[in-house]
Structures are given as C-alpha cells and as structure tokens.
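This report refers to the structure that appears directly beneath it.
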Number of protein chains: 2
Amino acid sequence: MATRAAKSAPRSYDQYCAVARGLDVIGDRWTLLLVRDLLLGPKRYKDLLSGLPGIGTNLLAGRLRELEGTGLIERTVLPPPAGSTVYQLTEAGQALEPAVVALGRWGARFLGQPRKTDVMVPRAYFVAMRGVFDAQAAAGITETYEVRIADLVFEVRLAGGRLTTSERRPSNPDSVLTMDVDTLNALMFRQIKPSAAIAKGRVKIEKGDHKALERLVRIVAFHSRLSSAT
Amino acid sequence: MATRAAKSAPRSYDQYCAVARGLDVIGDRWTLLLVRDLLLGPKRYKDLLSGLPGIGTNLLAGRLRELEGTGLIERTVLPPPAGSTVYQLTEAGQALEPAVVALGRWGARFLGQPRKTDVMVPRAYFVAMRGVFDAQAAAGITETYEVRIADLVFEVRLAGGRLTTSERRPSNPDSVLTMDVDTLNALMFRQIKPSAAIAKGRVKIEKGDHKALERLVRIVAFHSRLSSAT
DNA sequence: CGGAATCCTCTTCGATACTG
DNA sequence: CAGTATCGAAGAGGATTCCG
C-alpha cells in the first residue's frame, strides 16, 4: 500500500510575499524554461523533451504534473486525426510572459559568446523576439513570416504595431524563410547582414521578396544597447 | 588533500538563451529573495539572515559568495564608527528589479489568505510597493515617509511622480509612522481603513498629519484588479 | 557577537533502464 | 510515444562549532 503516499507537501518559502509565492510555483529547476517553450503554443511531451536537452524524462513528467496542479498548464487531446496529448498554458501560465521576458532582458547581459557546451535552442529566439521587438520600427507593417529552423516551424506575425510569435505553420504567410539555428543566431545578433546570409545560401527564401528578411531582422533582432535607462 | 577541490563548475542549463542564462545566475533557491531584500539597500549578513527565515547560515554564505562571483553584489565595509561589512547590489544586481517586480505581479495571484505557516516579512511589502505604485495618484505629491515596522525602518519617498523605497532612516521625513507587520499587511490589502487603523491605535503617527497615511495607502496599496490587460 | 565553515540528514536532480 | 522505476550524485536544511 501507500502507493501514492508521500506527497510530502511541496517545498515553500512560507513567506506571505508575492515574489516568494511566485517562486514557490515556478522556482524549481527547468520550470520556467518549460513555460518559455510553451509560450510559443501547445506542445507534446516529446517536443518539450527535445527542446530541453538534459532535463530527464522523470523531471519533465514531474514538472508537467506540478504545473498542471498549480493551474499553469492543462492537458488537451488534439482532435483527430492527430489525437495526441498536448500541454498548453492556461491564462495563469500565459500571464507569466512579462516575467519571462523581463528575466530574459536581464539575462542577456550574461550571454557573451556561445560556450562550447552551449546548445542553441530555436524556440528561445522566438520568445526573445518578444522582448526586443521594436514597435517603432514595426509601425505600419503587416506581414506574416513562416520561419523554418531545422524541423521546427514558427510563425512571426507583425500587425497593428504588435508582434506575435508562435510555433506553428502560418495559414497564409507572406514569406517563407528556411535557415539553420546558427544562421538565426547570427542574424539575431546582427553578426551577418540579411543580404549576405541570402547570398551565401544560408537563408532560403520561398514565396516572398528578399526585403522580407531585412524587415524582419530590423524589427526583431537584438540591439547592442538593450537595457539602457539608468 | 583536495581541500578546496571539487569546484565542479556551477550547474548550468547550457543553453545559449538569455532566460536560461539568467536562471543560471539567479535560479538557485533563495537567490532571488536575497536580491529582493537587497533592492532596499545594503544589508549586513545578520540582517539578511533574519529577513529570510529558514535559509540556514551555510546557504546564505554560499549564495552571497556566488552572487559576488557573478557580479550581482559587492561587499563593502561601512565607514567608522559602524565599520561593519555590508552586501549591496551592483548595477547588474539593481537591473534585476524589473524582473523581480514582474514576478511579484504574477505571483500575487497565488497569495490568497495567509497560511498558518506563512511569515510576513516587512521588506517584501516595500518592494511590492514598487510594483503596485500608481503614478496617476501620485502626480504632484512630494513627500517622504518614515515607516517603522518592528525594529526595521524604511523610507518611502514620493517625488516627481516616482516612488523610491529603501530600508534606512530618512534624513528629514514629512511624517513618521509606526505599526506592526500585520497592520501594514491589512493596510496594503485595504482590509482596514487608514482612519480606523489610527483610531484603533494600530498606527502611531509622529510628526505629520493624519492624512499622510491615507495618501500613502492610496498610492502604494494593492488594487483589487492587479493584472488586467487581456 | 557577527560572520561564517563543518557535519549530517534529507530531498531533489540527472541519467539510464524499463513498461503500458 | 508517453511516461514510470531506479539509483548514484548533488544540493538543501538544520544544528553545531569555529574564528576574529
């Protein structure tokens, strides 16, 4: 017996403080990165697993269970023919976006050069875009991009001075861009010019003019001076 | 031998992602709460220890060492006659404020009613004020409050439509308020009216009129609808 | 007395193996 | 594919001790 015993009560800081309570919920290892990926849309177990190298299957399962328990995510079964189980953020989970973005803005100062142990995870860039998005530069642009990185497909949509990014195939993209994650990284850090990336064949453009990539980079790529404002 | 060996390299997610890097730095247990308290100004070891019930002396010392290593805090020796060692945030540490505030705004939804295991830590409220501060209501007000909670002294300063909170004795406060942490909590959640708190003797006002507390509460206390904006 | 280092126990993590 | 089971390694928590 005692099959399901030993719930042992999740660890808490036991402070009546919003920050402490928030940490009680998302302070465990991997949790916020899980949320980061889910900000781009519903994902299957294996999608999450492959997007978080090193997490270990038991931890992923455990975290998903906890997040479901705290109401940040919910399990859904996709309609046929897919029929697979996916995890998606609830409203409470989506509400974490400002905190994730704020942490990313701050954490950017520690990026430095990629270390040999670092892996570049495509999803991170599409969440990062939300933090660097330049509304000024995007004014008046309405455009939907389909960006393919490795075997992943993302939608980047500019409309009404707002940016949305998600992991899915857009229904009717204005342009379709294919590149590897290293090229995405180089473009995001403005280490290579869009025109050069195209010329070298590092970015393939289907359906759309060459200027599309330049517009995209201008609006969502990192700026040297990220966090000014003393 | 191997006295100091086994540095073993701090644990990292090894993702070239700003969120992941940020978590590498402040993702460990207690770290962000430490930063939260330090946002109110330099603190001695024992101040931090008493403000973080349950941290354990070894963990606090360890975290302080790590944070100094990552450049978030620095040790300083106060000039005589104090002469004590204090820890204070560097610019990189201060830059965490938006992330801490964002997490607090989100975490507030999990506060609910205080649990019997919860402790109310005074510092948390003065950091929280930064997140709920209503610039509209503060327009045109220039006032400095000295707020005494238990044996702690805080400065809340309104000026130029901006709010600053810190743990120190203001040089020339417009009003001096003394209360216990339960009263502070009740006022912050608007569970008691400032006038009632004064009438019941739960708030003692020295130097300043009775309206001072009402102004303060109007501007820094929580609003029922914290995070709207769908 | 403030500021830690040490020791010990318990929990969590991380990796792999295994099962419905 | 979606997890559970297992187990050694690392980290957390508490008490005590040490140093200046």
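Order of the sequence lines fixes the chain letters, A, B, ..., with proteins taken first and strands second; residue numbering starts at 1 for each chain.
Rounded to whole Å, atom P of D:dA2 lies 15 Å from atom CG of A:L52. For the pair A:I55 CD1 and D:dG3 P, the interatomic distance rounds to 13 Å; values are reported in whole Å. A:L60 has its CG atom 13 Å from the P atom of C:dA15, to the nearest Å. Per the geometry, CD belonging to B:E66 stands 8 Å off P belonging to D:dA12, to the nearest Å. Put simply, CG on A:D47 is 12 Å from P on D:dG3, counting in whole angstrom units. Summarising the geometry, the separation between CG on B:D14 and C1' on C:dG14 is reported as 13 Å, rounded to the nearest angstrom. Protein atom CG of A:L59 is 12 Å distant from nucleotide atom P of D:dT4, rounded to whole Å. Counting to the nearest Å, the C1' atom of D:dC1 and the CG atom of A:N58 are 17 Å from each other.
Remark: A:R36 fails to qualify as a cation-pi partner of A:F126 under the 6.0 Å distance and 45° angle criteria applied to the six-membered ring. For the pair B:R75 and B:Y45, the cation does not sit on the ring face, since its NZ or CZ is not both under 6.0 Å from the ring centre and inside 45° of the axis.
Between A:R63 and C:dT12 there is no side-chain N or O to OP1 or OP2 distance below 4.0 Å. Contact between the side-chain N/O atoms of A:W30 and the OP1/OP2 oxygens of C:dG14 is found at a separation under 4.0 Å. Here B:R11 reaches the OP1 or OP2 of C:dG14: one of its side-chain N or O atoms lies under 4.0 Å away. Taking only side-chain nitrogens and oxygens, B:R65 comes nearer than 4.0 Å to OP1 or OP2 of C:dA5. Between B:R75 and C:dG3, a side-chain N or O to OP1/OP2 separation shorter than 4.0 Å is absent. Proximity of A:Y87 to the phosphate of D:dG3: a side-chain N or O atom is located under 4.0 Å from OP1 or OP2. Contact check, A:K46 against D:dA2: no side-chain N or O comes under 4.0 Å of OP1 or OP2.
Of the candidate nucleotides C:dT16, C:dA5, C:dG3, C:dA5 has the atom nearest to the side chain of B:T57. Of the candidates C:dG3, D:dA2, D:dG11, the closest approach to any side-chain atom of B:R44 belongs to C:dG3.
Scanning both residues, B:D118 and A:Q15, for their nearest heavy atoms gives OD1-N, 3.8 Å.
The backbone N or O of B:F222 sits less than 3.5 Å from a side-chain atom of B:R190, completing a donor-acceptor pair. Using a distance-only test at 3.5 Å, with no hydrogens or angles considered, no donor-acceptor pair links the side chain of B:R202 to the main chain of B:M179.
Position along DNA chain D of the nearest nucleotide to A:L49 versus A:S12 favours A:L49 as the more 5'-ward residue.
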